[in-house]
Amino acid sequence: MSLAVQHLWLIPALPLVAAAIGAVVPRRARAVAAGAAIAAIASSFVLSCLALSGALANPAAHLAFNFDWFCVGEGALRLGWLLDPLTAFMCVMVSFVSTLIFIFSLGYMREDENFKQFFCFLSLFAAAMLGIIVSNSLLLLFISWELVGLASYLLIGFWFTKPSAAAAAKKAFITTRIGDLGFFLGILWLNNAAGSLLFYDGGHGVLEAATLGTLSAQVTLGGLAVSTAIGLLVFCGAIGKSGQFPLHVWLPDAMEGPTPVSALIHAATMVAAGVFLIARVYPLMAADQALAHAPFHALTAVAFIGAITALLGALIAVAQNDIKRVLAFSTVSQLGYMMIALGVGSWVAAIFHLLTHAFFKALLFLGAGSVIHASHHEQDMRRLGGLSGPMRITFATFAIGMMALSGVPFVFSGYWSKEAILHAAYEWNVSALPLIMALAAVVLTAFYMTRLVAEVFLGKPRSAAAQHAHESPGVMTVPLILLAACSILIGFLGTPAWPWLESALTGTPVEAHSLLEGASLIVLSVLLVCTGIGAGWALYARRPRETAEAIDPVEAAFPRAFAFAAARMKFDELYAATVGRLNTAFASLAAWMDRRVWGGVIDLVARFGEMAGRFNKETDDEGLNTGFNAASEELRTVGKFYSRAQTGEAHGYLRILALGFVVLAILAIMGGGR
Amino acid sequence: MTTALLLLICLVTLGSAATAMLLRNLIHSVLLLIGSWIGVAIFYLSCGAEFVAFAQLLVYVGAVSMVVLFAVLLTRRSRTDVTVSADTVSRAWSAVMAGGAVLAVLLYGALMTTLPAASAHGPAAPVKQLGAELMGIHAASLLVIGMILTVATLGSVVIASEEPSGKKEDAP
Amino acid sequence: MISSPLQLCLVFSSLLFCIGLAGALSRSNSILVLLGIELMLNAANLNFIAFWRFGPAPSPATGVIFVTFSVAVAAAEAAVGLALVIAVYRRQRNIRLQEAVRLKG
Amino acid sequence: MMPSTPQDSLLERAPQLLRDLVTSHLPEPWRWFANSLIAMIVILAVFGLLFAALTLVERKVLGRVQNRPGPNRTGPFGLLQPIADGIKMLSKEDIVPRDADHILHFLAPVILLASTVMAFAVIPYGRHLVPVDLDAAVLYFFAVGATTELAVFMAGWSSHNKYSLLAAMRALAQLISYELPLLLSWVPVVMISGTLSTTGIVAAQSAWKWGWVPTWNVFTPWGFAGFAVFMVAALAESNRSPFDLPEAESELIAGHLTEYSGCKYVFFFMAEYFGMTALSGMAVTLFLGGWHAPLPSLEFIPSYAWFGAKLITLLVGFIWIRATFPRLRIDQLTRFAWKFLVPLALINLGTTAFWSLSFGWTGPLQLVRWAVAIVLVVVPFIVMGRRLSSGVAPRTYSYAT
């Protein structure tokens, strides 16, 4: 058992080694790089399963293995890894989805000349994500966190010759960095306040009762508890990574990378990191819940940010025409759901949704990748259509994913996890607003997913590319089928009738609820889902689009609103006008300061120096130099005289050596006797 | 009898060495020097240093002599490589003087010091003990020597095979 | 005058040393100069053996080991030295040592 | 010579008894001198006769291999042929070129013959037949052998014939190249036996495994590899075919021996056979268990007979090889030495180190030990053998254009 904890580091280390192998092998060694990557991630998956079995044997415990990284002064910087059900479930999910995505990439990236680098970066990405999951220290987590950022930069900008890809990579990197700044400040503050960054350390970790008590007892500016402030700062990091409301702008642009990367980012790794982070530090976030006098709870902010994101993402998704963009905004929206769950106090529901979402979103992205691959990189759904005929497997699996995402009741996993979130929000007594916004998003989700499927797969092919589409090879469809199966089955782990996942995650047995307990909510959400699907069916499937240029029925009804949503609610423009302009203004101010104020001062100093120098030169020329010249001349003459001794003749040297020996020997004899 | 034998070996060795240094024929000089090396080896043998004697034979007579002979043949222009230049005589005089001075000092040291009159003591060290010491307390030195030999071999190959820039060797 | 084998050895090695020195000083052929130096090394080795065998402080193998190392170094020196001679020959078409004075001051 | 013990058979002690019959009445210093003298004379006589017989055997064997009778006119079955040859060679005029360096020209065969004869001193010919029991005998053997190179050079240079000189340099290149694997090939034996003395090495091979399998060095993986390298290098060192480039009568007109005739030529000829015999004797000592019998039940046969049998087997092997293989080219020859034999011998050192370290392994581990050692020997052999023979195109000759 403890052995499993000690060797937990192998789970991220294996893909890291694969990345190193991929980095050093020559470019043409494609099979080596890909084989190493897949073998490593598959091994990680096996290890994760072992870790899961270990964790489930004792679900309430947080098994940690800590060690000193290095010592600074008296204290040591400690790192470690942690095994608890949360870690184990996440590891299994991430490594499993990653394995399937890696295999899918074999087919998808086959023609790419940088195939080898791709697998190197993928392995690095997976390694960093697994590092986040297993770390028992906020510092180690942050290191892996930044590695995820780096790997995402490399992967989003993988086709860096495309300007839009390069820009998207930059955008993703910089936007997440804004959130990371807050995160890092939070880490520093936490280290200062708690004296440790370990999560669990036998009673001294920051997530354990003693530390949490001191943290929530201290009050800082604005009457906030220290734990609240730190929690909010940490949440900044999650906002950036998980694409929450003000910083969600990078996520849709990240579609510029290859589709397997999008699947990896959206399903298993990058965006999940933020949700995982909040779930991991949930005790810290929730530490202020008991404080009656607190003006503001950290989790409240999480819930509201999540609600705004959920609704916003769904609204924008309705008006997008790019398959991957629709899916991207759906991810934004679903991440909002998870944040709602965290905010309203049910981190189990959040993780449940995270797991189910990982499977069906990976399925959807890989399905989209299959479509894109088949139709020669045509991503505009107006120019596709009618693919259900030639691409039966892709269609079937994509439809399963769509229904899971929409929350079609009772069969699909998305329903159960979303239901759990809605239920938790329903029971939240602070505000009803998140629940209302979430319910609104349910309708919209069902609507835009129906629209997506209808536009892509039904009707007639609307371009040459779509006409000549063909089913993808087995290396791509087999992962799809596996993921589709998982998308259905995974939901049954957490039904109210058999809440196995919840008891496994929390370590306390949870009694089964009757389905009738929240019957009104269930009925309501089922109705809403049916409304969304029905509306989508009516608008897009009954009367399929005839040509690629035809106007969207929604756009026809609400042209202004549709255009606003299609322009992604002008967030990029807003940021350009505010943050960007502020930045420009500040930069020009700095430039002016440099040029005028500091420049003037430097000018003055320089002029003074010049005067001093001129004075110095005059003195030198007239007085000192004459003396120095004479001395140097003398030195040169002496040197020339002595250099004559170096004749270059070996005989001479040997002779001098012999004579020197004789002289020394005579001296020794004369002074001899000793 | 032992002393007489030693004396004879000494005389042969010194004689061949001195003749080697006086001869004009380079090959003869080298062969005589090899003779004096053999003499030194026999001297070692008579001193009871078997191992060193055989090592001396193997290294000097087997290896160094071959290198020297190859070098002589590679750098030889005519059969008798002698051009008596003006400074030969003066250099010879200075050499004899320097050598004589050193010899005087050395002999003074060797003869005027009261040395223990002991003759050879005990049996010489067996080769096995030698090996044990080489691999034991002197292992580090052995490694260093191995290193030096390797580097010297590589270095001499590089030096000897280097073509002067610009000037190409005439094809043979 | 010569009272012990040790003294005989010392005189022998001194003579050998001085022959080597005189040869190295008088000959202009670099190979012979090198050989003279080898002779001097041999003379030094002789002293080691002499003191090891007849000297006052007997130690089982030190002298022999010292000479072994010395012979090895001498072999290395010969190899490098003769390679240098060949390099000199390539440059100036003869091996007269007094003409190899490019490094003079 | 070693003192004999009474439990030895009479036959075993016969040489010593004969010697003591002559020398036992002499006073001490003279007795030692006489004993040494007798040993020298016996060695010279026995190996001189062996040389004579060997020339005949060589010609006979070569003849049979080439499907002709060989010498059969002089005496019964041509048995007196060597004597006839000897008389012919000794009575021939000794021609020395006018410009030759007379002293060196004379010294070269003498030094060569002397050094090869000296090598016989340390070989243990029988249980009590060790002429000189040196502590560093193996080193002595090869140190003395190193002098042959000098003689070859002297022969080539003193002839004042540029072809002789060239041939001498070529011969030197070959001798130096094969000196290295020759020296490296016996180091494993010394590593395992822990001694440089030939009697010690023979004593280290005296045990019987399971009561009847001799523990000769050749019956171990490293020993076999060492023996193979040793024999190949010995072929080259004694200028035997297929490495007989130095004298190749048919193509190079006897190389550095061109200007030699008569008695001096016989000396060279003799030295070649002596060298071959001495190296074979050393191979028997180092690898084939010296004078030990191959089976315990055969120990009643005197030890020197066993030594002689092994020696003659190896010598006939030399002759057989000469009859079988074509001559190598000089580039193939040196390439073979530096790229195959030397690395193989070096790897064999590592194998021996492993063998020595795994000395205490028992039970199934012993099988592992054998397997590892065999792999360490066989795999480099195959790998380097392939690399040696790959990419060797027929050489193109440019002089005919």
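A note on names: the letters A, B, ... follow the listed sequences, proteins ahead of strands, and every chain is numbered from 1. Not measured: the values here are computed from a predicted model.
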Exercise. Does any non-hydrogen side-chain atom of C/F51 lie less than 4.5 Å from one of C/L6?
Worked result: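 With C-beta onward as the side chain, the pair touches.
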
So which part of [X] gets closer than 4.5 Å to some heavy atom of chain C, the side chain, the backbone, both or neither?
{"X": "B/L22", "value": "backbone"}
{"X": "B/S29", "value": "side chain"}
{"X": "B/A18", "value": "both"}
{"X": "B/T150", "value": "neither"}
{"X": "B/L33", "value": "side chain"}
{"X": "B/V59", "value": "side chain"}
{"X": "B/I34", "value": "neither"}
{"X": "B/A20", "value": "backbone"}
{"X": "B/I145", "value": "side chain"}

Exercise. Do you know the tightest heavy-atom contact between C/R27 and B/M21?
Worked result: NH1-O, 2.8 Å

Exercise. Just by modelled atom types, is the B/L45 backbone N or O under 3.5 Å from a matching donor or acceptor in the B/E50 side chain?
Worked result: no

Using a cut-off of under 4.5 Å for heavy-atom pairs, which of [options] has the most such pairs with chain C?
{"options": "B/L134, B/V105, B/V96", "answer": "B/L134"}
{"options": "B/G146, B/A55, B/A95", "answer": "B/A95"}
{"options": "B/G99, B/S141, B/G100", "answer": "B/S141"}
{"options": "B/V64, B/V68, B/L11", "answer": "B/V68"}

About how many Å separate [atom2] of [Y] and [atom1] of [X], when rounded to the nearest 0.5 Å?
{"X": "B/L31", "Y": "B/L23", "atom1": "CG", "atom2": "CG", "value": "10.5 Å"}
{"X": "C/L25", "Y": "B/M97", "atom1": "CG", "atom2": "CE", "value": "11.5 Å"}
{"X": "B/C47", "Y": "C/W52", "atom1": "SG", "atom2": "CH2", "value": "8.5 Å"}
{"X": "B/E133", "Y": "C/T68", "atom1": "CD", "atom2": "OG1", "value": "11.0 Å"}
{"X": "C/L46", "Y": "C/L10", "atom1": "CG", "atom2": "CG", "value": "9.5 Å"}

Problem set entry | chain B contact via C/V67 - which portion, at a heavy-atom distance below 4.5 Å |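 Just its side chain gets close to chain B.
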
Problem set entry | Geometric class of the B/W37/B/Y60 ring pair [parallel <30°, tilted 30-60°, perpendicular >60°] |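 B/Y60 vs B/W37 ring planes: tilted.
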
For this session: Flag the pair C/F12 / B/F43 as yes when their ring centroid distance falls below 6.0 Å, and as no otherwise.
Result: yes

Top of [options] for chain B proximity - count of heavy-atom pairs under 4.5 angstrom:
{"options": "C/L21, C/I86, C/I19, C/V71", "value": "C/I19"}
{"options": "C/L34, C/L84, C/V88, C/L35", "value": "C/L35"}
{"options": "C/V80, C/I65, C/L82", "value": "C/I65"}

For this session: Determine the sole option in C/I49, C/N42, C/N47 for which the side chain to side chain contact (heavy atoms under 4.5 Å, CB included) test with C/S13 is passed.
Result: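 Among C/I49, C/N42, C/N47, the one that satisfies the side chain to side chain contact (heavy atoms under 4.5 Å, CB included) with C/S13 is C/N47.
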
